[in-house]
Amino acid sequence: MRLATWNVNSIRTRHGRVVDWLVNADVDVLAMQEIKCKPEQFPLEPFEAAGYDVVLHGLSQWNGVAIASRLPMTDVQIGFAGQPGFEKGYEGADAPLEARAIGATVGDVRVWSLYVPNGRALDDPHMDYKLRFLRALADDSARWQAENPGAALALTGDFNVVPFDHDLGDPSMIPGVSTHISPAERDAFHAFEQAGLTDVVRPLVPEGYTFWDYKQLRFPRNEGLRIDFILGSAGLADRVVDARIDRDQRKGDAPSDHVPVVVDLHDDDDDDDRPMIF
DNA sequence: ATGTCTCAGTCACTGAGA
């Protein structure tokens, strides 16, 4: 199975590029973020014409997540247990949930498409929301793994955190001032390891950015960020045979500001792909 | 210069979000 994640920054603007890429890159399952539309506005036809079913969660012109798959999807879930809500000017516990998480099972892999809140500024209420979102996601993922020991879980998407200094190429981002690089955000990201989830792309692609701002010639200068990830349970990590970041998708006409991140998994029941141990 | 991009609301712009 070839599994990918891509923050598409409006699927209505980008569906031609996205479907062309799905077909040409021979991708089975694509988790998308920032589709920026409601369900009735999603361009289903080009996906279906190319052989992909789509499940999605979109509430407005903001956020929005989806999964396109040419393999059957089951157990579709909108949002995760304990996901916090947010409403500008209101921080109550019953704030409405945003369209930032959708899960589905493909084969024996539980796939999540996740769009973690940006944070906006270190002292903005959105930053507290971001940290609570990450902690709740790690907690729910740990709980799921305890209930499904050994199973393959993939948390994919735009985490809006730059985990390491070498993932930071944007010179305008200042430690202590900028979002995405603060110790609190990095701690919240690294806590997924304690929850049993590792970055399954990093061992195969140790360097490389997944996002370049549209402003300030960030892509031509290669001043990007690595903020899009595929985190996997041990049961998923054991099956990863290849991974890549498709930097070329930042080129050409009307690109997203993010590029796809891809992993290849061998089938759990396919002994031919595994070393034989006697 | 928040120097670019996207969408809503409304129809040439502003506001919001990233």
Side-chain angles (χ1 to χ4, degrees), chain A residues 5-19 21 31-44 46 56-66 84-91 95-101 113-134 157-163 167-174 177-182 184-185 188-189 209-229 247-261:
Chain A
T5 185
W6 193 0
N7 180 323
V8 297
N9 185 15
S10 171
I11 194 58
R12 285 178 287 176
T13 298
R14 216 79 64 206
H15 65 263
R17 176 186 280 263
V18 171
V19 174
W21 179 80
M32 290 172 272
Q33 301 85 38
E34 283 207 89
I35 61 171
K36 289 187 169 176
C37 67
K38 299 175 185 180
E40 63 270 24
Q41 298 172 309
F42 191 100
L44 287 176
L56 69 116
H57 180 37
L59 295 171
S60 69
Q61 73 271 39
W62 305 120
N63 315 309
V65 285
F86 185 80
E87 191 167 55
K88 195 168 185 179
Y90 173 66
E91 296 170 59
L97 296 190
E98 296 184 309
R100 295 182 178 275
S113 179
L114 301 159
Y115 179 45
V116 174
N118 172 284
R120 297 181 184 166
L122 294 186
D123 60 355
D124 192 294
H126 210 255
M127 178 58 67
D128 179 62
Y129 171 46
K130 177 180 193 173
L131 296 173
R132 287 187 287 117
F133 186 100
L134 286 164
D158 177 358
F159 284 75
N160 267 320
V161 178
V162 176
D167 300 328
L168 172 65
D170 186 328
S172 72
M173 295 182 68
I174 303 160
V177 175
S178 302
T179 61
H180 296 65
I181 59 174
S182 71
E185 288 163 275
F189 182 83
Y209 307 131
T210 64
F211 162 90
W212 297 259
D213 201 299
Y214 289 122
K215 294 177 281 194
Q216 303 287 123
L217 299 172
R218 291 295 180 222
F219 184 63
R221 297 173 187 268
N222 195 29
E223 295 172 344
L225 307 175
R226 185 164 176 145
I227 54 176
D228 300 272
F229 300 99
R247 189 179 185 282
D248 286 349
Q249 282 303 321
R250 189 61 176 78
K251 300 175 181 174
D253 288 338
S256 172
D257 41 4
H258 297 249
V259 295
V261 179

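Naming: A, B, ... by sequence-line order, numbering from 1 per chain.
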Look at all strands and tell whether [X] reaches a base, only sugar-phosphate, or nothing, counting heavy atoms closer than 4.0 Å.
X        : value
A:Tyr115 : sugar-phosphate
A:Lys38  : nothing
A:Arg120 : sugar-phosphate

Using heavy atoms to find the nearest nucleotide of DNA chain B for A:Asn118 and A:Arg12 separately, return the residue whose nucleotide is more 5′.
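First, find each residue's nearest nucleotide; the 5'-ward one identifies A:Arg12.
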If each of A:Asn9 and A:Asp158 is mapped to the nucleotide of DNA chain B with the nearest heavy atom, which maps nearer the 5' terminus, i.e. the 5' end?
A:Asn9
Bounds of contact between DNA chain B and chain A, in 5' to 3' order, using a heavy-atom cut-off under 4.0 Å
B:dT2 to B:dA18
Candidate list A:Asn7, A:Asn118, A:Thr210, A:Asn9, test side chain to side chain donor-acceptor pair (under 3.5 Å), partner A:Asp158, passing option
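Only match with A:Asp158 under side chain to side chain donor-acceptor pair (under 3.5 Å): A:Asn7.
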How far does the [atom1] atom of [N] sit from the matching atom of [M], given to the nearest Å?
N      : M      : atom1 : value
B:dT2  : B:dG15 : C1'   : 14 Å
B:dA1  : B:dC7  : P     : 28 Å
B:dA16 : B:dT10 : P     : 15 Å

Under the salt bridge (charged side-chain N to carboxylate O under 4.0 Å, His left out) rule, collect the residues that match up with A:Arg100, sequence neighbours excluded.
A:Glu98
What residues, two or more places apart in sequence or in another chain, satisfy salt bridge (charged side-chain N to carboxylate O under 4.0 Å, His left out) together with A:Lys88?
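Expected list: none.
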Rounded distance [0.5 Å steps], CG in A:Leu225 versus CG in A:Asn160
9.0 Å
Side-chain donor-acceptor pair under 3.5 Å between A:Ser256 and A:Gln249, yes or no?
no
Anything under 30° is parallel, anything over 60° is perpendicular, the rest tilted; go ahead and classify A:Phe159 against A:Phe189.
perpendicular
